[in-house]
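Residue numbers begin at 1 in each chain, while the letters A, B, ... track the order of the sequences.
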Amino acid sequence: MITYNGERIVDAAFAEQVYEAVARIPRGKVATYGQIAAQVGDPLAGREVGHIMSCAPSGRNLPCHRVVNRTGALAPDYAFGGQEKQRALLEAEGVTFLADGRIDMTLHLWGKYEQFNIFDMS
DNA sequence: CGCCTGACAGACT
DNA sequence: TAGTCTGCCAGGC
């Protein structure tokens, strides 16, 4: 469990909210771990979000490949069976990558640049 | 307990 | 944006 502002939040409940938030990420967009953490009420627990993803239950069809760090870099190889895999999944949804293999955050970051994004594929 | 580590983030340079 | 330093939280030792 975690503590926040004196309140105690059950670990399982926290994870549950994380999964919900992740499930809400629209197709063709990505969110940062920090964003997810903020949505579930703990903006400072980005690391926890990452850890929770690693334990994500497989029965839920969670689009965890849409969650990246703030620079748009993909998760380490051990997360999706290779970054190639994750990249393929994202590209299949319309996410574009930069030459250095990172996601173009100015186009696909969920909730930050939509006003500039013509395409809203959800 | 303290210390180190990590799918992270923010402020600064 | 990249690099660096610092802050945060949980978990393992």
Side-chain angles (χ1 to χ4, degrees):
Chain A
M1 79 172 89
I2 65 173
T3 59
Y4 179 66
N5 278 352
E7 293 183 63
R8 316 179 107 209
I9 303 173
V10 181
D11 199 24
F14 181 73
E16 198 56 35
Q17 298 180 68
V18 169
Y19 298 146
E20 263 184 48
V22 173
R24 281 199 299 271
I25 304 175
R27 254 176 79 86
K29 287 194 179 286
V30 297
T32 69
Y33 296 95
Q35 280 185 314
I36 301 298
Q39 282 194 19
V40 301
D42 195 342
L44 306 177
R47 309 192 94 114
E48 271 46 65
V49 174
H51 184 254
I52 288 171
M53 299 309 289
S54 70
C55 315
S58 54
R60 307 183 57 142
N61 234 1
L62 286 176
C64 35
H65 55 277
R66 296 183 191 145
V67 186
V68 296
N69 61 23
R70 81 168 190 275
T71 69
L74 298 182
D77 293 331
Y78 55 78
F80 293 95
Q83 299 183 336
E84 323 300 341
K85 188 111 177 177
Q86 181 177 9
R87 174 166 180 163
L89 287 169
L90 291 167
E91 286 182 327
E93 299 183 345
V95 174
T96 56
F97 285 74
L98 301 174
D100 54 10
R102 289 178 304 111
I103 294 174
D104 190 341
M105 298 302 270
T106 64
L107 284 181
H108 301 108
L109 182 56
W110 184 33
K112 188 161 186 178
Y113 298 103
E114 303 114 339
Q115 62 267 41
F116 303 124
N117 190 3
I118 311 172
F119 310 102
D120 185 349
M121 23 199 358
S122 59

Legend entry - pair A/Val18-A/Glu48: side-chain heavy atoms closer than 4.5 Å: no

Inset, instruction - Starting at atom CD1 of A/Ile36, determine the distance to atom C1' of C/dC9, rounded to an integer number of angstrom. - result: 17 Å

Inset, instruction - Select base, sugar-phosphate, or nothing to describe what A/Gly46 touches, counting heavy atoms under 4.0 Å on all strands. - result: sugar-phosphate

Inset, instruction - Sticking with atom P, work out how far C/dC13 lies from B/dA7, rounded to a whole angstrom. - result: 16 Å

Legend entry - Donor-acceptor pair, side chain of A/Arg87 and main chain of A/Gly101, under 3.5 angstrom: no

Legend entry - Nearest-nucleotide pick for A/Arg102, side chain only, options being B/dA7, B/dA9, C/dA2: C/dA2

Inset, instruction - Sort and list the pairs that fulfil salt bridge (Lys or Arg N to Asp or Glu O under 4.0 Å) and have at least one residue in residues 63-84 of chain A, not counting sequence neighbours. - result: A/Arg66-A/Glu93

Legend entry - Separation of C/dT4 C1' from A/Arg70 CZ (nearest whole Å): 11 Å

Inset, instruction - Rounded to the nearest angstrom, tell me the gap between atom CG in A/Asn69 and atom P in C/dC8. - result: 21 Å

Legend entry - Distance, rounded to the nearest Å, where A/Asp42 contributes CG and C/dC8 contributes C1': 9 Å

Legend entry - Which nucleotide in C/dT1, B/dA7, B/dG6 has an atom nearest any side-chain atom of A/Ala79: B/dA7

Legend entry - Candidates B/dG6, C/dT1, B/dA7 - which lies nearest the side chain of A/Thr106: C/dT1

Inset, instruction - Please report, rounded to the nearest Å, how far the P atom of C/dG3 is from the CG atom of A/Asp100. - result: 11 Å

Inset, instruction - Mind calculating the distance between CE (A/Met105) and P (C/dT1) to the nearest angstrom? - result: 8 Å

Inset, instruction - Say whether A/Leu62 and A/Tyr33 are linked into one hydrophobic cluster, either directly or through other cluster members, by side-chain heavy-atom distances under 4.5 angstrom. - result: yes

Legend entry - side-chain N/O A/Thr71 vs C/dA2 OP1/OP2, d < 4.0 Å: no

Inset, instruction - Please answer: with hydrophobic residues joined when any side-chain heavy atoms are less than 4.5 Å apart, are A/Leu89 and A/Val67 in the same cluster? - result: no

Inset, instruction - Take atom OH of A/Tyr78 and atom P of B/dG6, then tell me their distance rounded to the nearest Å. - result: 8 Å

Inset, instruction - Find the distance A/Ile52:CD1 to C/dC9:P and express it as a whole number of Å. - result: 14 Å

